[in-house]
Structures are given as C-alpha cells and as structure tokens.
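Let me begin by presenting the structure, written as structure tokens, before commenting on it.
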Amino acid sequence: MFSYLSYVLTAAAALLVTCHAKCKCPGIPGLPGNSQLSGIAGLKEQQRLWGLPYSLFTEVNNELEDLKYRVSRLENVLALTGKIKVIGEKILASSGKNVDFASAVQSCEEAGGTLAAPRNKEENEAILGIVKEYNKYAYLGIKEGETAGQFLYLTGTPLNYTNWHQYEPNGKGKEKCVEMYTDGSWNDKNCKEYRLSICEF
C-alpha cells in the first residue's frame, strides 16, 4: 500500500521533529583536507536528514519541493475558481454558511485558521470580494474590549486599521462584534446574529 519512500518520509519527519526539538541535529562531516588545502565543509545540519544516505536525502528533498509546487498550484486553482482569495501571505476562505460569532470563530480555529480581520485596505478589499460573492454581511475577527467603544483583534491587540461605516461604532457596549457590509465598511453588531464566516490562514 505505502511505497518505501512513504515509509522513509514518515520516519524522516518523525526524526526531524525529535531532532529539532532537542536541537541536536548532526550534519554530514566535511571531507578531510590535505596539507595544502582545507577540507570541503560538510552540509549544514538542517540540509540533511540525519541517518539517510545522500541519494535518499536528495529524493526526499525533491519530493518536498514537488509537494510545495503542487500546493502552490492548488492555491492558484482555488483562487481562480473563487473558492479562496490570496492576499500577501494570507489565504481567505469561506464555506458560505451564516453562523453566530462564536461558531464562526470556532469553525475557523478547527480548520487551523482564525476569523478574518483586515489589517490594511488591501486585506479589507480581499475580504470584501468574498462578502460580495456571497452577497452577505460577514463577521470580522474583531471584538469590543472591556472599554466600550474600544475594539481589538481577537488576539487582544489594538486595531491598526479601521473602516467604520458612518456614525459607527454606536453600540455603546451592547454590540460587541463587528460585521462587514457589502460595501466594505464596518458596523458593530450583536454577536448572536447570523453572519457569513470568512477564515484566514
């Protein structure tokens, strides 16, 4: 069922995790020199999987490069079909479902991401693209702090970018969550309302 290479990749991954966790990854020793010349330096620790023959290391490295290339292509295909949006280092995605704020946060975390929160105009525009695609208001990964009117990212850090709709926020402590309108502007909202969930990875 599994090829020899699959077993080797699994073993190598386990070895790397253990090796790097202990910070004791040996490298390949250099070739001895002669009296006239210095020896050739060995490979750096991270460049070789300890214990693997060099030919197998090359094969594993090629497989990893191929995997990175295939993942990159998959991201591009998904972006072309509108399933995801790529903005800088972030990937934005939505299932198209409307949920309350707590469920939106939970579903993004379960998928390995977080609820999308724009940190600049470009990211706001990318999120807006998904909002327009579904034609639904969406929750943002922003919530009101302990002080009424002070909104923070879900990490607890202050906002470095805002795009409030005119006269917003106006909930005065009663509307703790933030939604994005279909024009890209923001509104503070009751967290129990159902809105589109957009995750960032």
Show which side-chain atoms of residues 124-132 pair as donor or acceptor with protein atoms under 3.5 Å away, not counting sequence neighbours.
from, atom 1, to, atom 2, distance (Å)
N124, OD1, W186, NE1, 2.9
N124, ND2, G184, O, 3.0

(message) Restricting to side chain to side chain contact (heavy atoms under 4.5 Å, CB included), what partner residues turn up for S107, sequence neighbours left out?
(response) S197
(request) Keeping to residues at least two apart or across chains, list the salt bridge (Lys or Arg N to Asp or Glu O under 4.0 Å) pairs with something in residues 89-105. (result) K90-E123, K90-E200
(message) Can you give me the closest heavy-atom contact between L140 and F101, atom names plus distance?
(response) O-CE1, 3.4 Å
(message) I want to check something: taking the side chain as every heavy atom from C-beta on, are E175 and N170 in contact at a cut-off of under 4.5 Å?
(response) yes
(request) State, to 0.1 Å, how close F151 and V178 come at their nearest heavy-atom pair, and which atoms those are. (result) CD2-CG2, 3.5 Å
(request) Please examine the side chains of C177 and Y139, heavy atoms only from C-beta on, and report whether any two atoms are closer than 4.5 Å. (result) yes
(message) Main chain of Y181, side chain of K136: is a donor-acceptor contact present, judged purely on distance under 3.5 Å?
(response) no
(request) Measure the spacing between CG of N190 and NZ of K176 and express it to the nearest 0.5 Å. (result) 11.0 Å
(request) Sequence neighbours left out, what pairs pass salt bridge (Lys or Arg N to Asp or Glu O under 4.0 Å) with at least one residue falling in residues 183-198? (result) E179-R195
(message) Show every side-chain hydrogen bond (donor to acceptor under 3.5 Å, both in side chains) that has at least one partner inside residues 110-120, sequence neighbours left out.
(response) Q106-E110
(request) Using a 4.5 Å cut-off on heavy atoms from C-beta on, say whether the side chain of L152 contacts that of I142. (result) no
(message) Would you say that I198 contacts L115 through its side chain, given a criterion of any heavy-atom pair below 4.5 Å between the two side chains?
(response) no
(request) Could you tell me which residues satisfy ring pair (Phe, Tyr, Trp, His ring centres under 6.0 Å) with Y153, sequence neighbours excluded, listed by chain and number? (result) none
(message) Determine whether a donor-acceptor pair (N or O, by modelled atom type, separation under 3.5 Å) exists between the side chain of S94 and the backbone of G96.
(response) yes
(message) Side chains of L92 and I87, heavy atoms from C-beta outward: is any pair under 4.5 Å?
(response) yes
(request) Any chance you could lay out the side-chain contact (heavy atoms from CB on, under 4.5 Å) test for Y137 and M180, step after step, and finish with the verdict? (result) CA-CA 6 Å; Y137 296 170; M180 178 184 280; over 6 Å; no
(request) Provide the closest heavy-atom pair for A111 versus F201 in the form atom of the first, atom of the second, distance. (result) O-CE2, 3.3 Å
